[in-house]
Amino acid sequence: MKPIGFIPLLFLLGSVLFSETTEMDSLYDPGELKPVDSRVSVRIGEMAPDFTLPTVGGGEVKLSDFRGKQHVILSFVPAAWTPVCSAQWPGYSLVKDEFGELDAVVLGITVDNVPTLHAWTEAMGGLNFPVLSDFFPHGAVSKRYGILRSDGTSERALFVVDKEGRLRFIDVHDINLRPPLEDLFRALESLQESNH
Amino acid sequence: MHTVRTFLPAILLLLSLGQQPVAGEGMTEEGQDWRGVKGEAALFQIETLSADRVVLIFFDFYCPTCQKSARGKNRLADQMREDLPAVPIIGVGYGDTAFETDLFRKKFKLGFPCLSDRDKTFSEGFRVVRTPTFIVLDRETPDSGFGEVYRHEGYLGREHIRAIMEHLERPK
């Protein structure tokens with residue numbers, strides 16, 4: 001083996017080993033928070049407010065671009081580097097195929113800026129769905145949906161937007177708790193049923 | 001050896017409460033009989049196990065390290081199936097709903113029963129505060145309570161599997 005080929009191999013091996021042992025020990029625990037600190041301003045059946053936001057992967061994502069193609073799960077989480085949020089999105093990564101079978105994609109959104117989100121998602125080992133920054137103007141999309149909290153973070157909220165762009169499921173969850181995955185699947189399955 | 005005699009009722013309670021999700025679903029996909037436990041919930045109670053050693057694996061569906069450790073969990077299960085067929089492994093979905101626990105088991109084809117511990121009561125009984133956590137329980141005599149003889153928190157590497165096996169194979 002040529003030395004030039006051996007060095008990248010070592011790097012690759014090192015990165016695999018590192019990724020297996022890296023854990024998120026740098027999380028900030030905000031303690032128990034007021035469960036909900038906003039008033040949702042959208043309703044089921046309404047058209048979901050459109051938005052365009054920058055993503056961690058580069059470029060921008062526009063909600064209405066999914067119209068006629070896929071259902072969209074908007075997953076707002078309050079803040080990067082916090083325990084419950086860090087223990088929510090990796091699960092959505094794990095079930096990307098199952099969401100795909102139900103014609104749905106996840107868009108993750110927080111009010112953090114892109115560099116912060118980049119560092120955080122890397123520490124989680126990467127995510128396989130777009131992560132969007134609602135940082136500037138600060139929390140504008142969260143505010144439009146009525147889920148911007150008084151401290152400038154967003155609620156832990158899930159919205160399912162169907163292929164027509166209508167809101168079909170809203171769960172502004174207790175910020176201290178993780179929403180059960182089955183609720184999301186049930187909502188997506190009901191969309192499948194109503195399409196048949 | 002840290003005595004967890006008091007945990008025995010908790011185990012019994014959880015296993016009896018956990019019968020529903022375990023029924024059929026909790027066993028190996030292919031097998032109706034695993035570690036001497038029939039694939040029927042009514043028979044899946046700890047007192048029916050002849051084993052005096054148990055491995056508990058606490059995982060969280062949403063935890064990346066638990067996801068990365070899944071291969072190791074199956075490696076451990078395979079090794080135990082081969083060398084220690086009488087010792088059960090019980091997976092516990094730490095903070096997970098029954099749906100999430102079962103989905104994790106199916107996604108990673110875990111060859112052992114997994115129980116949901118949504119409110120973490122069971123896990124807290126074992127002082128579990130993070131996932132994954134691997135605990136080996138042992139009881140000195142068939143009538144004594146279980147004691148913890150080994151614990152590992154974090155990614156399950158080959159060295160940890162080796163350590164678990166050493167504790168399980170240790171002569172009484």
Side-chain angles (χ1 to χ4, degrees), chain A residues 13 15-27 29 75 77 81-102 106 108 120-129 156 158 171 173-174 176-189, chain B residues 20-21 25 58-76 91-110 114 116-121 123-124 128-134 151-161 163:
Chain A
L13 184 63
S15 66
V16 168
L17 289 174
F18 182 75
S19 70
E20 284 187 342
T21 52
T22 297
E23 292 178 19
M24 300 198 66
D25 291 328
S26 306
L27 300 182
D29 188 352
S75 171
V77 298
W81 299 106
T82 55
V84 182
C85 304
S86 303
Q88 183 175 344
W89 283 356
Y92 298 164
S93 262
L94 187 58
V95 290
K96 184 184 183 182
D97 291 345
E98 284 78 359
F99 284 153
E101 285 166 14
L102 295 167
V106 178
W120 180 48
T121 54
E122 284 290 304
M124 284 192 278
L127 297 169
N128 57 17
F129 54 82
R156 186 178 313 288
L158 289 166
D171 176 12
H173 213 74
D174 180 338
N176 304 293
L177 303 171
R178 197 167 53 198
L181 190 62
E182 51 268 45
D183 292 354
L184 204 45
F185 271 96
R186 217 172 282 134
L188 293 171
E189 282 161 2
Chain B
Q20 206 54 38
E25 297 289 310
F58 297 84
F59 62 83
D60 178 2
F61 176 89
Y62 296 87
C63 146
T65 310
C66 301
Q67 296 171 9
K68 285 178 193 162
S69 296
R71 198 189 305 169
K73 290 170 198 163
N74 277 329
R75 201 178 295 138
L76 171 65
V92 180
Y94 176 81
D96 292 344
T97 63
F99 178 87
E100 291 159 346
T101 303
D102 198 48
L103 190 55
F104 189 90
R105 188 187 60 78
K106 285 176 179 165
K107 286 290 288 187
F108 294 106
K109 298 182 172 59
L110 299 181
C114 298
S116 159
D117 187 25
R118 172 70 166 154
D119 67 4
K120 302 179 184 173
T121 306
S123 304
E124 282 165 3
V128 172
V129 292
R130 62 187 300 190
T131 56
T133 294
F134 304 83
R151 171 181 297 237
H152 167 66
E153 296 177 344
Y155 180 76
L156 185 71
R158 288 182 187 276
E159 67 274 30
H160 309 118
I161 294 175

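A, B, ... follow the sequence lines: proteins, then strands. Residue 1 opens every chain.
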Student: Can you tell me how far CG of A/L94 sits from CD of B/Q67, rounded to the nearest 0.5 angstrom?
Tutor: 4.5 Å
Student: Can you tell me how far OH of A/Y92 sits from OH of B/Y62, rounded to the nearest 0.5 angstrom?
Tutor: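 Here the interatomic distance stands at 5.5 Å.
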Student: Kindly compute the distance separating CG (B/D96) from CZ (A/R178), expressed to the nearest 0.5 Å.
Tutor: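 These two atoms lie 5.5 Å from each other.
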Student: Describe, in one word, how the ring planes of A/F185 and B/F99 are oriented to each other, choosing from parallel (under 30°), tilted (30 to 60°) and perpendicular (over 60°).
Tutor: tilted
Student: Between B/E100 (side chain only) and A/G91 (backbone N and O only), is there a donor and an acceptor less than 3.5 Å apart?
Tutor: no
